[in-house]
**Q** 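The structure under discussion is supplied below as structure tokens; questions concerning it will follow.
Source: prediction; values computed, not measured. Letters go in sequence order (proteins before strands), and every chain restarts at 1. When reading the values below, keep in mind they use all heavy atoms of this one structure, side chains included, and skip hydrogens, waters and symmetry mates.
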Amino acid sequence: MRHPGRWVAVAVLAVLAAMFVHVLVTNDNFQWSFMVDHMFRPPVIEGLLRGTVTMTICAMLLGVSLGIVVAIMRLSSNPILRVVAWLYTWVFRAVPRLVLLAVFGNLGILWSRIEFGVPFDTQIGQLFGIDNLQLRVFGFSSRDVLTGFVAGLLGLALSEAAYMAEIVRAGIQSVDEGQTEAASALGMSRAQILRRIVLPQAMRVIIPPTGNETIAMLKDTSLLLAVPYSVELFFQLDAVGKRTFQIFPMYVAAVLWYLFLTSILLIGQYFLERHFAKGYGRTERARLRLRSITAEAGGGGGTGGDT
Amino acid sequence: MTGQPQAPQADAPEAESGLMVRAEQVHKSFGSLEVLKGVDLEVRSGEVCCLLGPSGSGKSTFLRCINHLEKINAGRIWVDGELIGYRQRGDKLYEMREKEVAAQRRAIGMVFQRFNLFPHKTALDNVTEAPLLVRREKRSEARDRAVALLERVGLGDKLHNYPSQLSGGQQQRVAIARALAMRPKLMLFDEPTSALDPELVGEVLDVMKDLARDGMTMIVVTHEIGFAREVGDSLVFMDDGVVVEQGNPREVIANPQQDRTRSFLAKVL
């Protein structure tokens, strides 16, 4: 035998796997048929689509966009923008998501209405002897706006933006200074350089951790119960379990659902990473070399040394 | 002749016709380190000016001042009669806004030691990027011109290759085509062959010679004495942040007047 260690490992793992399967099959408390029967019920699926999948997509879209803005502010030459960006990341990275969600879910206690306008308007009005001066441009009842979904979205997206800002900043800083120099020597403006030259290259560094963030976000939607927001996968499975006193099977169902969803994200991440590795990847290089070899075999071999 | 204290002319040097670059007492410091200590230079239209000197002499920094990649601390630089990076009102200089600086840079092509091609774009896209984005050319027009330029530098068969699939010499030739696509009136070369394997230097120098023959005004920071002698119209030797000696390349190389020039040439020849 060439690799005795491997065979020992295989034997040990085989025994462990057999033990695991044994438990799954023989322990009646798993209640497999009950689980399968209940994990596809309409409320569960609705929770999955709305509170888990849609929330993940919305929170990541908002979080990534805001994160890019905060990162650019952080790298700006304007010291005020830099400080604001730093404060933002400081606050939203310091507070746990569960706590943030609870806070955003209960903002209605502070304001029954959310209004935008001149701050301290009544107070300023009193200074000039005007009673009850109101300079509010528009407003709405917080009950309408801060629904469970919106409150949850705000909590998750704002916290995500703080993490994404750090990721984007690292990505932007990973791009060689020479790229910016070459682009500005061509007369491009700073915005053009960022959008066309720096960010596309930073993406290569930004995408893998963003994939991880998306997966983490998918899992963190289970924290929405702190808002509280109930149209969400784990809340629904948990509710079924508690109602029917079959708690454990529904937890297994949750495990399987999250495994399934995460696996889909992993596949997406693979293709995204491959797209942004354009011009870097070894496979891509090999493929193109193959193409140029076949092309050169057809026409005279112009290797390019001839000017 | 030594450092050339020409009669300091009044504030209208753009009057001289045929002068592409004019630098007057350019000073530049990085922190407490003074890199340029008053550089004067004149380059006429169509001239190839080679900047020579030991590393740390400030020649690359000076080159980067010409397109305002480095802000100068004192002195003035004009390109084609236009003051670079600043606007003069009365006696005072005001720094230009970013947009105005960008506009000035369009007319000045630059080629870097480390190529600095955009790695996420093909050779063709590297060349068309700035014409499309900055000059707002039509896509077909920009593409046709880019193809012609890449053919001119001998890379007509590499249009769709990414920089990572090209050799150093090929990358540098794409970089030259990229700069030419902006139709510059002046080309700056910052040690264009220093990062290349020796056998790839020739192909890049050939492209540059071709450009020079076409009448392009070029300022070339280089260690290639042969190139300076063969193609250069003027040679400027810098050391320690000042111009030590300048003149006809063949004369300066054959018969340097300054000790520092002599000892430098003795080492590199």
**Q** CD1 of Ile80(A): more than 12 outside heavy atoms within 6.0 angstrom?
**A**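 At most 12 heavy atoms, drawn from other residues, nucleotides or ligands, come within 6.0 Å of this atom.
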
**Q** Over all heavy atoms of both residues, which pair between Ala182(A) and Phe118(B) is shortest? Give the atoms and the distance, please.
**A**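 Closest approach of Ala182(A) to Phe118(B), heavy atoms only: CB-CE2, 4.3 Å.
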
**Q** For Arg114(B) versus Asp176(A), what's the shortest heavy-atom pair and its separation?
**A**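 Scanning both residues, the minimum pair turns out to be NH2-OD2, 3.5 Å.
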
**Q** Can you say whether Arg178(B) sits under 4.5 Å from chain A via the side chain, the backbone, both, or neither, judging by heavy atoms?
**A**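 Both backbone and side chain of Arg178(B) come within 4.5 Å of chain A.
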
**Q** For Ala103(B), which atoms come within 4.5 Å of any heavy atom of chain A: side chain, backbone, both, or neither?
**A**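 Answer is neither: Ala103(B) stays 4.5 Å or more from chain A.
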
**Q** In this structure, are over 12 heavy atoms from other groups packed under 6.0 Å from Phe260(A) atom CZ?
**A**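 For Phe260(A), atom CZ is not crowded (no more than 12 foreign heavy atoms under 6.0 Å).
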
**Q** Counting N and O atoms only, with roles assigned by atom type, does the side chain of Glu181(A) sit under 3.5 Å from a partner on the main chain of Phe112(B), one being a donor and the other an acceptor?
**A**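 Flag not set: sc Glu181(A) to bb Phe112(B) has no pair under 3.5 Å.
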
**Q** Relative to chain A, which of Thr122(B), Val111(B), Ile108(B), Leu69(B) shows the most heavy atom pairs under 4.5 Å?
**A**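 Sorted descending by pairs with chain A, the first entry is Leu69(B).
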
**Q** Less than 4.5 Å apart, side chain to side chain, heavy atoms only: is that true for Lys121(B) and Arg196(A)?
**A**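 Yes. Closest side-chain heavy atoms under 4.5 Å.
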
**Q** Is atom NZ of Lys185(B) surrounded by more than 12 heavy atoms (other residues, nucleotides or ligands) closer than 6.0 Å?
**A**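 More than 12 heavy atoms, drawn from other residues, nucleotides or ligands, come within 6.0 Å of this atom.
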
**Q** Around Arg145(B), counting heavy atoms of other residues, nucleotides and ligands shown, do more than 12 lie under 6.0 Å from its CZ?
**A**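 Counting other residues, nucleotides and ligands, CZ of Arg145(B) exceeds 12 neighbours.
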
**Q** When you measure from the side chain of Gln201(A) to the backbone of Pro119(B), do you find a donor-acceptor pair of N or O atoms at a distance under 3.5 Å?
**A**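 Pair absent, no side-chain N/O of Gln201(A) close to backbone of Pro119(B).
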
**Q** Got a donor-acceptor contact below 3.5 angstrom from the Asn116(B) side chain to the Gly178(A) backbone?
**A**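 Such a contact is found between Asn116(B) side chain and Gly178(A) backbone.
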
**Q** Would you check if the side chain of His120(B) reaches a backbone N or O of Val198(A) as a donor-acceptor pair within less than 3.5 Å?
**A**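 A pair under 3.5 Å: no.
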
**Q** Going by side chain to side chain contact (heavy atoms under 4.5 Å, CB included), Ser184(A) matches just one of His68(B), Arg105(B), Glu98(B). Which one?
**A**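 Checked His68(B), Arg105(B), Glu98(B) against Ser184(A); only one passes side chain to side chain contact (heavy atoms under 4.5 Å, CB included): Arg105(B).
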
**Q** Could you tell me which portion of Leu166(B) (side chain, backbone, both or neither) has an atom closer than 4.5 angstrom to a non-hydrogen atom of chain A?
**A**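 Neither part, no heavy atoms under 4.5 Å.
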
**Q** Side chains of Leu186(A) and Arg106(B): does their closest heavy-atom pair fall under 4.5 Å?
**A**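 Result no, sub-4.5 Å side-chain heavy-atom pair not found.
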
